[in-house]
Amino acid sequence: LWLIEGDEAPVSLGVVPGGRSARVAVPQALRAKLVAGNLLAVSLEPQGGSTTGAPTGPVVAAGKISRL
């Protein structure tokens, strides 16, 4: 799971297990960036997540954060 703020590089929010729902604890330092207009994206990565700190696999879902 990736957080993308404007033109900044994606920041990992953690690995989401495939095939089931999961909760992701967002680090305190990133919570202020969960604002309308920023993007959440899911990419397919190797077991354990990206080894580069950036998405390496295809993005399979993405959406802008919006205020409800």
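When reading the values below, keep in mind they use all heavy atoms of this one structure, side chains included, and skip hydrogens, waters and symmetry mates.
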Can you confirm whether Ile4 sits close enough to Asn38 that some side-chain heavy atom of one is under 4.5 Å from a side-chain heavy atom of the other? no
Are Glu45 and Thr56 close enough, and set up right, to give a side-chain contact (heavy atoms from CB on, under 4.5 Å), and what steps lead you there? CA-CA 6 Å; Glu45 299 296 335; Thr56 60; 2.3 Å; yes
Any donor and acceptor pair, going by atom type alone, linking the side chain of Arg67 with main-chain N or O of Val35 inside 3.5 Å? no
Contact summary for Ala41 and Val59, nearest pair of heavy atoms: CB-CG1, 4.3 Å
Ser43 and Trp2 side chains, donor-acceptor separation under 3.5 Å: yes
Shortest non-hydrogen contact between Ala22 and Val16, atoms and distance: CB-CG1, 4.1 Å
Is it true that, when you exclude Arg23 itself, more than 12 heavy atoms of the residues, nucleotides or ligands shown sit nearer than 6.0 Å to its CZ? no
Give the cluster check for Leu44 versus Val24: same hydrophobic cluster or not, with ILVMFWY residues linked at side-chain heavy-atom distances below 4.5 Å. yes
Looking at side-chain heavy atoms only, is the closest gap between Ile65 and Leu34 below 4.5 Å? yes
Are Leu3 and Leu39 close enough, and set up right, to give a side-chain contact (heavy atoms from CB on, under 4.5 Å), and what steps lead you there? CA-CA 6 Å; Leu3 172 65; Leu39 187 72; over 6 Å; no
